Amino acid sequence: EFYRPTIILCDDNNMMKGSGRSIREFDLYAGLQKTAHMLAGFGGHKLAAGVRLEPNQLERFREAFERVVADELGEQPLTPALLLECELDFQQASDSAFLQELELMQPFGAGNAEPVFASPELTVVDRSPLGYSGDHVRLRLKDSASGITLMAKGWNMATAFPPSSVGSRIRVAYTPRLDYYRGVASIDVGIKDWQPVAG
């Protein structure tokens, strides 16, 4: 939510114990090394770590860790950035051999990020709600150059794509996948971000 390194602790037999997660711009393990004298123990890597400390060190540790983060990242909130591999049109994104090659790159995670591609200009052909909460949306997107239409899912994007968005032109940052349902494969476009096409 805040795009800042975060450590969550709980009481565990008269010790504070928990774990931390970081962002690409901040080395969590190196940050914890700068506060190691306050900790009973810690371990991990750049993006995730475990921490133990005495309860009487909590406030001192919180202030010191926040100072380390501010020194490294500054006081102003950061905006998450997506790293895009290249532009990928829907003709390429619907090629099953290409999608099977992407599957071979799994598992995705720290050190092996899932590839994200930039789309060409697309038209929103249709829009429908997805899930019970109403927070998610399913779109039919048409690549005008190739004429190919694919289904796309936008998690927590229902307000970004109201019913009036049908007919609008957009570009998306997305990951194409093979989706299997009852043994039948289809192409699933996972939207990571989007922007309207001007004009």
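Only this structure's heavy atoms are used, side chains among them; waters, hydrogens and symmetry mates stay out. Treat the numbers as computed from the prediction; the structure is a model and nothing was measured.
- Taking CD1 from Ile7 and OG from Ser19, the interatomic distance works out to 9.0 Å, rounded to the nearest 0.5 Å.
- Shown here is Glu75, whose CD atom has no more than 12 heavy atoms of other residues, nucleotides or ligands within 6.0 Å.
- Of the inter-residue distances, the one linking Met16 atom CE with Cys10 atom SG reads 7.0 Å to the nearest 0.5 angstrom.
- For the residue pair Leu73 and Glu25, the shortest heavy atom distance occurs at CD2-O, 3.7 Å.
- In the displayed structure, Tyr180 atom OH is contacted under 6.0 Å by more than 12 heavy atoms of other residues, nucleotides or ligands.
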Taking it one step at a time, do Val124 and Leu141 satisfy side-chain contact (heavy atoms from CB on, under 4.5 Å)?
CA-CA 5 Å; Val124 180; Leu141 300 175; 3.8 Å; yes
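- Between the Ser119 side chain and the Phe117 main chain, no donor and acceptor come within less than 3.5 Å of each other.
- For the atom pair CZ (Arg52) and CG (Leu9), the distance works out to 12.0 Å, reported to the nearest 0.5 Å.
- Ring-plane geometry between Phe26 and Phe65 is classed as perpendicular, the angle between the planes exceeding 60 degrees on a 0 to 90 degree scale with a lower cut at 30.
- With a 4.5 Å cut-off on side-chain heavy atoms, Leu83 and Arg24 count as touching.
- Hydrophobic clustering, with ILVMFWY side chains joined whenever heavy atoms are under 4.5 angstrom apart, keeps Trp155 apart from Val172.
- One distance of note links CD of Gln92 with CD1 of Ile148; it measures 10.0 Å at 0.5 Å rounding.
- There is a path of hydrophobic side-chain contacts, each under 4.5 Å, that joins Val189 to Phe108.
- Minimum interatomic distance between Leu130 and Arg138 (heavy atoms only, all atoms of both residues): CD1-NH2, 3.0 Å.
- Using a 4.5 Å heavy-atom threshold, the side chains of Arg177 and Lys153 count as separate.
- For the pair Tyr174 (side chain) and Leu88 (backbone), a donor-acceptor distance under 3.5 Å is present.
- Atom CD of Gln91 has 12 or fewer heavy atoms from other residues, nucleotides or ligands within 6.0 Å.
- Side-chain heavy atoms closer than 4.5 Å link hydrophobic residues (I, L, V, M, F, W, Y) into clusters, and following such links, possibly through other members, connects Val69 to Leu58.
- A 4.5 Å side-chain heavy-atom check between Leu139 and Ile191 finds at least one atom pair inside the cut-off.
- Ion pairing between Arg4 and Glu66 fails under the 4.0 Å rule for side-chain N and carboxylate O.
- Residue Arg169 comes nearest to Ala198 through the heavy atom pair NH2-O, 3.9 Å, listed as atom of the first residue, atom of the second, then distance.
- Expressed to the nearest 0.5 Å, how far CZ of Phe98 lies from CD1 of Ile187 amounts to 11.0 Å.
- Residues Gly44 and Tyr29 come closest through the heavy atom pair O-CD1, 3.7 Å.
- Panel note: side chain Asp12, backbone Met15; no donor-acceptor pair is recorded below 3.5 Å.
- Between the OG1 atom in Thr175 and the CD atom in Glu114 there is a gap of 4.0 Å [rounded to 0.5 Å].
- Within 6.0 Å of CD1 in Ile8 there are 12 or fewer heavy atoms belonging to other residues, nucleotides or ligands.
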side-chain contact (heavy atoms from CB on, under 4.5 Å), that's the test. Do His136 and Met157 meet it? Break it down for me.
CA-CA 5 Å; His136 317 302; Met157 293 186 180; over 6 Å; no
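- By the 4.5 Å heavy-atom criterion applied to side chains, Arg21 and Thr6 are not counted as neighbours.
- When hydrophobic clusters are built by joining Ile, Leu, Val, Met, Phe, Trp and Tyr residues whose side-chain heavy atoms come closer than 4.5 Å, directly or via intermediates, Val51 is grouped together with Val68.
- The shortest heavy-atom contact between Leu150 and Ser94 is CD2-CB, 4.3 Å.
- In Lys192, the NZ atom is crowded: over 12 heavy atoms of neighbouring residues, nucleotides or ligands sit closer than 6.0 Å.
- When the shell of 6.0 Å around CG of Asn14 is examined, it contains 12 or fewer heavy atoms from other residues, nucleotides or ligands.
- Counting only heavy atoms from C-beta outward, the side chains of Leu104 and Gln100 never approach each other to under 4.5 Å.
- Crowding of Gln106 atom CD: a count of heavy atoms from other residues, nucleotides or ligands under 6.0 Å exceeding 12.
- With hydrogens and angles ignored, the 3.5 Å screen pairs a side-chain donor or acceptor of Asp143 with a backbone N or O of Phe90.
- Leu102 and Val116 are assigned to two separate hydrophobic clusters, defined by single-linkage of ILVMFWY side chains at heavy-atom distances under 4.5 Å.
- Counting heavy atoms from C-beta outward, Phe2 and Ile23 have side chains that stay 4.5 Å or more apart.
- Nearest heavy-atom pair, Arg127 versus Ala158, reported as atom, atom and distance to 0.1 Å: NH2-O, 3.4 Å.
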Quick one: do Glu54 and Arg60 satisfy side-chain contact (heavy atoms from CB on, under 4.5 Å)? Show the steps, please.
CA-CA 11 Å; Glu54 300 278 352; Arg60 189 169 162 237; over 6 Å; no
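- Proximity of a side-chain donor or acceptor of Ser22 to a complementary backbone N or O of Pro5 within less than 3.5 Å is not detected.
- For the pair Met38/Leu53, no side-chain contact is recorded, criterion being any heavy-atom separation below 4.5 Å from C-beta on.
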Between Ile170 and Ser168, is the side-chain contact (heavy atoms from CB on, under 4.5 Å) condition met? List the steps.
CA-CA 7 Å; Ile170 62 172; Ser168 61; 4.2 Å; yes
